[in-house]
Amino acid sequence: MNSKFLTPYNPEETENRIYKLWEDSGFFNPDNLPGDRKKAFTIVMPPPNANGNLHSGHALFIALEDIITRFKRMRGYKALWLPGADHAGFETQVVFEKKLEKEGRSRFGMDPEVLYQEILNFTLKNKENMESQVRSLGASCDWSREKFTLDPDVIKKTQETFIKMFKDTLVYRGKRTINWCSKHQTSLSEVETESVEENTPFYYFKYGPFEIGTVRPETKFGDKYVVMHPDDKRYAKYSHGETLELEWINGPITATVIKDEAVDMNFGTGVMTITPWHSQIDFEIATRHNLDIEQIIDWRGKLLEIAKEFGGMKIKDAREKIVEKLDAKGLLIKTDRDYKNIVKRCYKCSTIIEPQVKDQWFVKMEPLTKLALDAVDKKEVRFIPDNYEKVFRYWMENSIDWNISRQIVWGIQIPAWFRGEEIVASIEKPDGEGWTKDSDTFDTWFSSGQWPLFMTGYPDGDDYKRYYPTDVMETGHDLIFKWVPRMIIFGLYLSGKSPFHTVYLHGLVNDAQGKKMSKSKGNVVDPMTLTSKYGTDALRMTLVVGNTPGTDLSLREDKIKGYKNFANKLWNIARFVLSQENTGEPDKELTHEFEALAKDITLDMENYRFHIAAEKIYAYVWHRFADEIIEESKPARAGGKIPERAGTLYYLLENSLKLLHPFMPFITEEIWGELSKENLLMIETWPFDSAQGKPI
RNA sequence: GCGCGCUUAGCUCAGUUGGUUAGAGCGACUGUUUUACACACAGUAGGCCGGGGGUCCGAAUCCCUCAGCGCGCACCA
């Protein structure tokens, strides 16, 4: 017996060595796996952002996806887990801008190409760091197939999809209301904003004969339309199109009465003025009635010339002063300070989103969401846990056209050209003179949405034929809107097939108190610290046992400690068994008992109940195998059965290692190596074959 | 406002399709230096399964309702 068994299990010493053994074996690549493997099983890894360290959420998904992959590999599938790295467009640009800020620099004014190159260098460096962390978590993914979301073929294919969609009239250029972040100087999609309820003063002003209410007096300079519901009896004497002279912020103006059903008669006074450039609903009303649309606030969030003396002021500073002026003019009627409204903010910097009207590219969602809903109806895609199907449907049924243009350099360029009113979608410059290239880049989710296709070499790669559609998409439930729907849509649109049949959604990893981890709260736990302290196997068990899909997890250090102890328990079981000579046939009763367990666990695994499977094998190994079977076998005990039991103990150890391997790959492989086996444990045969309904 | 989820032992959580005395880990308590392991072992205590109502032979599990907590979505100016 190896002398290393005389000391407690040492994960740090073991893990790198074992990982290298696996990687050098080539078996992460299913094409190298032994035996006649007919069926493929494929998982696409959600590519971690290459802009920093892995967090606990990454550790969780790597554990889960590795468990699935290792299980399927042992079950005889061509198991393929496709790793990637995400350039993470806007997110990385935000991280990089913070870095620039610290260095006293700013992206504004920088040459776009220089800026791009700098972010690229930054990202590639972080990519290596990220990859080494994924390895240290034991991921048995096929690195030979790794992709980066800015690989040349990914860029090209993304642009080709855009061109195809342009031809199919599924993308269009439109002047519409968009979410504008005045700090980051870019538009954002709905999922990149967050709405928070806030207490904002609600002002009532005298507007000619009317009383209007608003939370945004600073937008009111250009307001020359007063809108009410056509059925509102209070205002029946005013007719649509009628004009009125009235005194407003900067002097007398002419206002026009507009009747529109969008107005809620029961809210406020039932009358409002509109600012079409800076409000979605106002823009819609203005469009319906063909009204003037004028910009009041500039792209930096400051008031324009139209505000006269307030021009150049920031919204925050201007608001109160404008109210003061209106009050001085006797136009302020009252202020409701208890009013609560919803304020949209940039999800990265919390800057209040300023709705602006801008020419942008949009994806027409309705025909595409229909494809996705059909696929769900036909059960071509299912969700675990299944209540997410409802959430998914809700989003699909209510999604509005998707703004895919971003005014940042860090991303894939939109292949579009403009000349006057002409618009051409093309990677190359169109023939003729006077073309201007679109300077915008794609929303990251536009390319990430095609990730399962790109990872398998769509449209004509070998892997596309062999491994697409993939099987499971395992990701966080926070991506149910951002990512999952886009992948299903693009998969159906481009390949005619859903990119996967199962969506497994894991919960968030929170701190020990169940609070969300965040840098500002200072409660972030670095998974790398935990693995070096307790071992990767212990961390993986902690993240998996008792953690039901879709439910958030409180990461507690005492739990990890418990599984570190378990690793050591297993270590000592091995030590004990290895100290015996392997003689005698396995005991019939005990092997049957084990087979029943293996069957049970196999069913749990196949039905994605990893939280139960892990707990069962844990309980068996410790409390049945060690506490009872081994104890009873000891010669010192009355009726101790060594050495007749030795064969049984070897049988149970070997097969327990197999069942445990997906969960605790390092220590099981390490012990396996001491059993003088020909193969690596990672390619051993799983000890139960559910297809044949019997142990093998 | 709409939707989803949660509420089970001191703490963190399991409990697959309703079926015998409700489970785990940690913690607490009492013992044990028994040569695989003190990162251990043997054992003990602790729960009207959030409240109320219903269906059923039978409910932690299904239905209704109330309360508290968490999360998501939301163009009422």
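Only a predicted model underlies this, so the values are computations on that prediction, with no experimental measurement involved. A note on names: the letters A, B, ... follow the listed sequences, proteins ahead of strands, and every chain is numbered from 1.
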### Message
Between the base of B/rA36 and the side chain of A/Glu631, is there a donor and acceptor pair under 3.5 angstrom?
### Response
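Indeed there is one.
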
#### Entry: Atom CD of A/Glu13 with >12 non-hydrogen neighbours under 6.0 angstrom
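Check passes, neighbour count above 12.
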
### Message
According to side chain to side chain contact (heavy atoms under 4.5 Å, CB included), who are the partners of A/Glu211, at least two apart in sequence or on a separate chain?
### Response
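If we apply the side chain to side chain contact (heavy atoms under 4.5 Å, CB included) test to A/Glu211, skipping adjacent residues, the hits are A/Tyr204, A/Thr269, A/Ile333, A/Lys334.
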
Looking at [X], I'd like to know whether one of its side-chain N or O atoms comes within less than 4.0 Å of OP1 or OP2 on [N].
X: A/Lys559; N: B/rC13; value: no
X: A/His623; N: B/rG25; value: yes
X: A/Trp571; N: B/rA40; value: no
X: A/His611; N: B/rC13; value: no

### Query
Taking the side chain of A/Asp558 as its heavy atoms from C-beta onward, which of B/rC26, B/rC39, B/rC76 lies nearest to it?
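The listed nucleotide nearest to A/Asp558's side chain is B/rC26.
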
### Query
Is the A/Tyr388 to A/Phe383 ring centre distance short of 6.0 Å?
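No, the ring centres sit 6.0 Å or more apart.
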
### Message
In this structure, is the centre-to-centre distance between the rings of A/Phe610 and A/Phe663 below 6.0 Å?
### Response
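Ring-ring flag for A/Phe663/A/Phe610: false, centres at least 6.0 Å apart.
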
### Message
What's A/Asp627 touching, base or sugar-phosphate or nothing? Going by heavy atoms closer than 4.0 Å.
### Response
sugar-phosphate

### Task
Please work out if A/Val227 contacts a base, only the sugar-phosphate, or nothing of the nucleic acid, heavy-atom cut-off 4.0 Å.
nothing

### Gap in Å between the two C1' atoms, one belonging to B/rC48 and one to B/rC41, rounded
35 Å

Taking any strand in view, what nucleotide pairs with [N] in a Watson-Crick or G-U wobble way, both distances under 3.5 Å?
N: B/rC4; result: B/rG70
N: B/rU20; result: none
N: B/rC37; result: none
N: B/rC11; result: B/rG25

